[in-house]
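One structure is given below, encoded as structure tokens.
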Amino acid sequence: MSGALRSGSFRSKCRAAGAASIWLAGLCVATAAQAQYLHSRSAVPAPVRPEVDRAYVQLMASPTVQRLLDAVRDDHPRATIDLRRLTEIEAPPFKEQARAEAFLARLKALGLADARIDAEGNVLGLRKGRGNGPTLLVSAHLDTVFPAGTDVTIKERDGRLYAPGISDNTRGLAVLLSWLRVLNEQKIQTEGDLLFAANVGEEELGNLRGMKHLFAEHPEIDGLVALEPAPDDSVLIFGTASRRYEVTFEGPGGHSFGAFGRVPSAIHGMGRAIAKIADLKTPRFPRTTFTVGTVSGGTSVNTIAPQARMAIDIRSDANGPLLATEKKIFAAIDAAVREENHRWGVDTLRVSSRLIGDRPGGRTPSDAPIVEAAVRANTAFGRRTVFRGGSTDANVPMSLGIPAIVVGGGGLTGGFHALDEWIDLHEAWRGAQNSLLTVLGLVGVQGVSAPLLAKRPPP
């Protein structure tokens with residue numbers, strides 16, 4: 001989902017709002033999207049609270065942390081090897097097992113002897129802190145959008161590596177391994193615990209099943225930092241909700257000549273429905289969208305179709321407009337079926353629907369400590385933060401009121417969800433440094449800084 005919010009009336013509201021609303025201010029300056037799955041909403045963030053600033057001053061002044069950041073840079077060749085190996089293990093939706101096992105083996109080799117694959121297929125490994133802080137989940141998703149049998153061999157051209165899924169999200173997996181390696185080698189003791197996860201179900205109809213399982217089974221998680229192929233200055237704080245339906249039209253069918261005038265066509269009824277859906281209006285703010293993504297049906301060119309099927313995707317940055325648009329879509333479908341039946345004076349065309357995707361939405365407030373930590377880490381590297389939104393693994397904790405953000409793992413990326421997906425790894429370690437610094441501020445480092453992420457009260 002890419003595209004910026006642009007509206008004259010919206011800009012007027014922004015000018016009138018000024019700095020009174022941090023959330024609205026965060027929406028007011030839209031920039032061009034740099035990642036296909038994100039839409040941009042950026043602003044000059046409010047100054048961070050003193051304790052956040054103090055923590056990052058302490059971290060950046062620490063020789064221990066500086067050595068750790070240098071180690072991230074020096075680990076880049078090994079991270080690239082991990083990226084190559086994992087990319088060439090295919091991980092279609094619902095078939096992530098081979099890549100999961102490879103990632104699990106790497107976690108165990110890097111010292112997480114109790115790492116495991118859970119009942120949903122997520123790979124989990126806990127790096128214990130001193131017990132004086134929160135539990136932070138750091139994650140990247142295992143699955144890609146590509147079906148089994150896709151050629152995932154890496155090709156190199158003009159300084160870029162090309163392969164399906166190499167940036168979305170195998171780079172994130174490689175960065176997690178790099179973090180674990182350098183934290184161990186540099187003997188960094190965090191105050192809080194780091195729960196490393198390579199999760200399933202982020203893409204396609206995975207329906208965020210991996211994250212839903214994680215947060216259902218692990219109430220001890222106090223926050224999430226997820227890695228995705230986002231620009232280094234980005235912090236995703238808005239989770240776009242979505243619902244997806246498969247809609248089936250069914251009638252008696254018949255010969256195109258012999259039964260003409262006596263039976264309705266499932267395809268014609270579906271066509272009427274699509275035309276009505278296409279004419280629907282949705283709000284620009286909160287951004288709300290829909291599409292009929294796939295259609296199928298019929299048995300032959302000379303048959304009045306007994307069945308037709310379509311899949312609908314509905315998304316919104318707010319739950320109210322999402323449900324309102326869903327209601328309009330199903331009203332349009334029902335009207336189309338009535339019209340097709342009325343056209344032939346029958347009532348034999350029927351329609352049914354099945355929910356095939358349900359991604360909850362939410363947001364992490366821009367003044368939450370987890371967001372301010374990311375903003376301050378960006379500042380430490382001379383970057384101005386851009387707030388973004390999209391549909392990612394962070395949707396699940398956001399919907400539960402658990403602090404969550406998505407940041408980049410480094411590298412220039414493009415061609416998402418295409419066979420020629422690519423990544424340019426020139427100085428990609430800088431992004432890995434930046435996001436790790438965010439994580440360190442949240443969990444705290446022994447003898448350097450206290451955790452910024454608070455522990456959640458027991459459920």
Side-chain angles (χ1 to χ4, degrees), residues 48-80 82 106-107 109-113 115 125-140 172 174-197 222-225 227 232 235 369-383 385 405 407-410 427-455:
V48 300
R49 64 197 73 194
E51 58 267 32
V52 174
D53 185 64
R54 183 166 55 252
Y56 282 92
V57 169
Q58 292 166 341
L59 287 166
M60 293 303 289
S62 166
T64 300
V65 173
Q66 288 300 321
R67 285 193 296 271
L68 176 67
L69 296 177
D70 288 345
V72 173
R73 177 198 62 209
D74 297 341
D75 193 62
H76 179 66
R78 290 189 291 181
T80 302
D82 284 331
R106 296 295 298 131
L107 288 186
L110 292 172
L112 299 187
L126 182 66
R127 188 178 192 271
K128 294 286 291 183
R130 296 181 66 229
N132 299 322
T135 297
L136 179 66
L137 177 64
V138 289
S139 72
V175 170
L176 291 181
L177 294 175
S178 180
W179 287 356
L180 179 58
R181 188 161 44 235
V182 298
L183 285 167
N184 290 344
E185 290 177 352
Q186 297 299 312
K187 297 179 171 57
I188 300 296
Q189 182 69 68
T190 56
E191 297 290 346
D193 296 344
L194 288 173
L195 180 58
F196 285 80
D222 299 301
L224 165 72
V225 174
L227 295 177
D232 291 342
V235 180
I370 196 170
V371 178
E372 290 194 352
V375 170
R376 185 59 180 81
N378 280 346
T379 302
F381 285 91
R383 296 189 178 103
T385 297
I405 57 173
V407 293
E427 295 191 340
W429 49 268
R430 294 186 183 276
Q433 287 179 328
N434 199 156
S435 46
L436 179 57
L437 186 63
T438 298
V439 166
L440 293 178
L442 292 170
V443 295
V445 177
Q446 181 183 15
V448 179
S449 65
L452 293 170
L453 181 66
K455 289 185 69 65

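Since this is a predicted model, take the numbers as computed values, not measurements.
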Once side chain to side chain contact (heavy atoms under 4.5 Å, CB included) is applied, do any residues pair with A428, and if so which ones, sequence neighbours excluded? H76, R171, L425

Does E191 have any side chain to side chain donor-acceptor pair (under 3.5 Å) partners at least two apart in sequence or in another chain, and if so, which? R130, N132

Using every non-hydrogen atom in the two residues, find where P134 and L453 come nearest and quote the distance to one decimal. CG-O, 3.2 Å

Looking at every non-hydrogen atom in both residues, tell me the closest pair between A174 and A79 and how far apart they are. CB-O, 3.6 Å

Which residues pass the side chain to side chain donor-acceptor pair (under 3.5 Å) test with E185, sequence neighbours left out? R78

Work out which heavy atom in G409 is nearest to a heavy atom in S435; give both atom names and the distance. CA-OG, 4.5 Å

Indicate every side-chain donor-acceptor pair of residues 437-452 with a distance under 3.5 Å to a residue at least two apart or in another chain.
unit_1, atom_1, unit_2, atom_2, d
T438, OG1, N434, O, 3.4

So does K455 have more than 12 non-hydrogen atoms from other groups sitting under 6.0 Å from NZ? yes

Just jot down the salt bridge (charged side-chain N to carboxylate O under 4.0 Å, His left out) partners of E51, sequence neighbours excluded, or say none. none

Among L224, V375, V371, whose side-chain contact (heavy atoms from CB on, under 4.5 Å) with I405 holds? V371

Can you tell me if E372 uses its side chain to pair, donor with acceptor, with the backbone of R49 under 3.5 Å? yes

Pairs touching residues 438-453 that satisfy salt bridge (charged side-chain N to carboxylate O under 4.0 Å, His left out), sequence neighbours left out: none

Which residues pass the side chain to side chain contact (heavy atoms under 4.5 Å, CB included) test with D70, not counting sequence neighbours? R73

Non-neighbouring partners of Q186 that pass side chain to side chain contact (heavy atoms under 4.5 Å, CB included), sequence neighbours left out: R67, L68, A71, I188

Does Q58 reach the side chain of V65, with side-chain heavy atoms less than 4.5 Å apart? no

Atom CZ in F381, atom CZ in R430: separation rounded to 0.5 Å? 9.0 Å

Measure the spacing between CG of L183 and CG of L194 and express it to the nearest 0.5 Å. 6.5 Å

Hey, does L107 have a side-chain heavy atom less than 4.5 Å from the side chain of L177? yes

Is the shortest distance from a Lys or Arg side-chain nitrogen in R383 or D232 to a carboxylate oxygen in the other one below 4.0 Å? yes

Identify the heavy atoms of W179 and A432 that sit nearest to each other, and give their distance. NE1-O, 3.2 Å

Please name the pair of heavy atoms, one in L176 and one in F196, separated by the smallest distance, quoted to 0.1 Å. O-CE2, 3.5 Å

Partners passing salt bridge (charged side-chain N to carboxylate O under 4.0 Å, His left out) against D53 (at least two apart in sequence or in another chain): R376

Suppose we screen for side chain to side chain contact (heavy atoms under 4.5 Å, CB included). Which residues come up paired with T135, at least two apart in sequence or across chains? D193, L195, E220, D222

Looking only at non-hydrogen atoms, find the nearest pair between A380 and M60 and report the distance. CB-CG, 4.0 Å

List for me each residue that meets salt bridge (charged side-chain N to carboxylate O under 4.0 Å, His left out) alongside R181, sequence neighbours excluded, and say none if there are none. D75, D82

